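Have a look at the structure below, then the notes.
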Amino acid sequence: MSQYLSSLFSLEGKTALIAGGAGAIGSAISEAFAKAGARVIVHDLSAARLAGLQARFESESLPFRGLQADLDSAAACSDLVEKACQVTGRIDILVNLQGTNRRKPIVDVTQDDFDIITSVNFRSVYFLSKAVQPVMKAQGGGKILHFSSLSANISFDTISVYAATKAAVTSLSRSMAHEWASDNIQVNAIEPGFVQTEFTRPLWDDEYRSRWFADYIPAGHLAVPEDLITTSLSLVAPASRYITGRSVVVDGGVLSGDSWVEKQGRPAAYP
């Protein structure tokens with residue numbers, strides 16, 4: 001990379017706290033940030049996932065620090081930020097990747113379903129960001145990146161609560177960007193489309209849905225976690241200092257529209 005491009009996109013000297021960072025997408029983002037020069041602190045609910053990601057980092061001689069916690073309250077979010085600050089004394093980047101879902105028709109959703117999904121997908125995002133704001137303000141600025149979803153824009157069966165929380169996260173990005181602009185904190189969101197992970201296996205590991213995805217997505221195939229790296233890097237890098245309050249859709253063209261012409265010559269799916 002040229003010195004000029006490095007000055008725009010390098011994360012050298014930055015500390016990134018990545019919440020929910022040991023899943024499929026989180027692992028790809030965490031590794032990419034580390035390779036871009038950041039000191040990565042990965043949070044996850046699962047100690048086993050953290051251990052697996054640590055082994056992956058160590059095999060590539062990348063520094064790693066994992067923090068296991070259940071972000072089930074505002075106090076737990078504040079505690080995670082405090083522990084992260086103890087590692088390097090600062091947090092320059094916060095990525096909110098934590099998420100869960102229980103796929104059910106609206107008529108079958110229980111209060112427990114509702115509370116679990118909203119707690120993980122929205123409340124923890126809200127209070128973790130709130131906890132990191134004074135840290136970033138004292139440092140002179142920072143970057144917050146929320147992971148929303150394509151479902152913030154378009155509805156699908158059985159994900160009513162999930163979709164509502166993701167729409168809330170997209171809206172929250174604008175609110176935080178507006179309120180914290182004077183603190184030099186940029187807040188943005190990524191709205192991924194259909195990504196092939198264990199989390200979405202019930203969708204793509206099904207013959208009918210697999211054919212549906214291939215026909216419905218203009219690109220002709222699902223994304224893989226690595227497809228989200230470049231957008232994530234660009235939104236937390238120095239180059240994006242004037243981009244805030246925006247949501248970026250990464251969906252293979254789904255929101256570009258549909259066609260009434262018979263679809264032929266689709267690109268081949270990833271092997």
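Since this is a predicted model, take the numbers as computed values, not measurements.
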Kindly indicate whether the side chain of Ser173, heavy atoms from C-beta on, has any atom under 4.5 Å from the side chain of Asn188. no
For Thr170 and Ser247: C-alpha separation, side-chain torsions, deciding distance, then whether side chain to side chain donor-acceptor pair (under 3.5 Å) applies. CA-CA 7 Å; Thr170 293; Ser247 55; 5.1 Å; no
Please report the shortest heavy-atom distance between Leu150 and Gly193, naming the atom on each side. CB-CA, 3.8 Å
The single option from Leu172, Val236, Val132, Leu128 passing side-chain contact (heavy atoms from CB on, under 4.5 Å) against Ile144: Val132
Min side-chain heavy-atom separation Ser232-Thr230 under 4.5 Å: no
NE2/His146 to CE/Met176 distance, rounded to the nearest 0.5 angstrom? 5.0 Å
Quick check: does any side chain N or O of Asp44 sit under 3.5 Å from a backbone N or O of Ala22, one acting as donor and the other as acceptor? yes
Less than 4.5 Å apart, side chain to side chain, heavy atoms only: is that true for Arg90 and Val135? no
Distance-only polar pair, side chains of Asn96 and Ser129, donor-acceptor under 3.5 Å: yes
Can Leu53 and Ser27 be said to form a side-chain contact (heavy atoms from CB on, under 4.5 Å), step by step? CA-CA 7 Å; Leu53 185 57; Ser27 295; 3.7 Å; yes
Output yes when Asp157 and Arg103 qualify as a salt bridge under the 4.0 Å nitrogen-oxygen rule, no when they do not. no
Closest approach of Ser148 to Ala189 (non-hydrogen atoms, all atoms of both residues): CB-CB, 4.5 Å
Verify the neighbour count for atom CD of Glu207: are there more than 12 heavy atoms of other residues, nucleotides or ligands below 6.0 Å? no
I'd like to know whether Ile93 forms a side-chain contact (heavy atoms from CB on, under 4.5 Å) with Leu145, so could you lay out the CA-CA distance, the side-chain angles of the two residues, the decisive distance to 0.1 Å, and finally the verdict. CA-CA 8 Å; Ile93 298 163; Leu145 179 60; 5.8 Å; no
In terms of side-chain heavy atoms, does Ser240 have a donor or acceptor partner in Ser234 at a distance below 3.5 Å? no
Does a donor on one side chain and an acceptor on the other come within less than 3.5 Å for Thr88 and Thr15? yes
Could you tell me if the side chain of Ile116 sits less than 4.5 Å from the side chain of Arg102, heavy atoms only? yes
Ile185 and Phe127: same hydrophobic cluster, using ILVMFWY side-chain contacts below 4.5 Å? yes
Is the shortest side-chain heavy-atom distance between Leu233 and Leu11 below 4.5 Å? yes
Would you say Ser30's side chain and Gly21's backbone share a donor-acceptor pair under 3.5 angstrom? yes
Hey, any chance Leu17 and Leu50 share a hydrophobic cluster, counting ILVMFWY side chains that come within less than 4.5 Å of each other, even indirectly? no
Identify whether Val125 and Ile159 are in the same connected component of the hydrophobic contact network (ILVMFWY, side-chain heavy atoms under 4.5 Å). no
Could you tell me whether Glu191 and Lys166 make a salt bridge, using a distance below 4.0 angstrom between a side-chain N and a carboxylate O? no
Closest non-hydrogen atoms of Ala84 and Ile91, given as atom of the first, atom of the second and distance, are CB-CD1, 3.9 Å
Determine whether Met136 and Leu94 make a side-chain contact, defined as any pair of heavy atoms from C-beta on separated by less than 4.5 Å. yes
The reported gap from CZ in Arg209 to CG in Asp205 (rounded to nearest 0.5 angstrom) is 10.5 Å
Any donor and acceptor pair, going by atom type alone, linking the side chain of Thr244 with main-chain N or O of Val187 inside 3.5 Å? yes
Taking every non-hydrogen atom, the tightest pair across Gly253 and Pro218: O-CG, 3.1 Å
Look only at the side chain of Asp70 and the backbone of Leu45, and say whether a donor-acceptor pair between them is shorter than 3.5 Å. no
Go through Phe156 and Phe194 one step at a time and tell me if the side-chain contact (heavy atoms from CB on, under 4.5 Å) criterion holds. CA-CA 12 Å; Phe156 297 96; Phe194 304 103; 3.5 Å; yes
Regarding Lys104 and Thr110, do their side chains bring together a donor and an acceptor under 3.5 Å, going by distance alone? no
Would you compute the distance between atom CZ of Arg123 and atom CD1 of Ile117 and round it to the nearest 0.5 angstrom? 13.5 Å
Arg56 side, atom CZ; Phe64 side, atom CZ - distance, nearest 0.5 Å: 10.5 Å
Can any side-chain N or O of Asp251 pair as donor or acceptor with the backbone N or O of Leu255 at less than 3.5 Å? yes
Taking Gln68 for its side chain and His43 for its backbone only, find out whether a donor-acceptor pair lies under 3.5 Å. no
Are Val95 and Val195 connected in the hydrophobic side-chain network, where two residues link if heavy atoms are under 4.5 Å apart? yes
Report the distance from atom CD1 of Ile25 to atom CG of Asp227, rounding to the nearest 0.5 Å. 10.0 Å
First locate atom OG of Ser149, then atom CD1 of Ile154, and finally report the distance between them rounded to the nearest 0.5 Å. 10.5 Å
Side chains of Asp113 and Gln111: any donor to acceptor distance under 3.5 Å? no
Could you walk me through whether Phe57 and Glu60 pass the side-chain contact (heavy atoms from CB on, under 4.5 Å) test, one step at a time? CA-CA 5 Å; Phe57 268 54; Glu60 300 188 51; over 6 Å; no
Can we say Asp79 and Lys83 salt-bridge, meaning some charged N sits less than 4.0 Å from an Asp/Glu carboxylate O? yes
Side chains of Asn184 and Gln186: do they bring a donor and an acceptor to under 3.5 Å? yes
Pair Gln133, Asp183: side-chain N/O donor-acceptor within cut-off below 3.5 Å: yes
Identify the two heavy atoms, one from Ala163 and one from Ser151, that lie closest to each other, and give their separation to 0.1 Å. CB-O, 3.5 Å
Which atom pair, heavy atoms only, marks the closest approach of Leu8 to Pro238? O-CD, 3.2 Å
Looking at side-chain heavy atoms only, is the closest gap between Ile190 and Val250 below 4.5 Å? yes
Would Leu235 and Val169 show up in the same hydrophobic cluster when neighbours are defined by side-chain heavy atoms closer than 4.5 Å? no
Check whether Thr231 reaches the backbone of Leu228 with its side chain - one donor and one acceptor, N or O, closer than 3.5 Å. no
Are Phe114 and Tyr162 an aromatic pair, judged by ring center distance below 6.0 Å? no
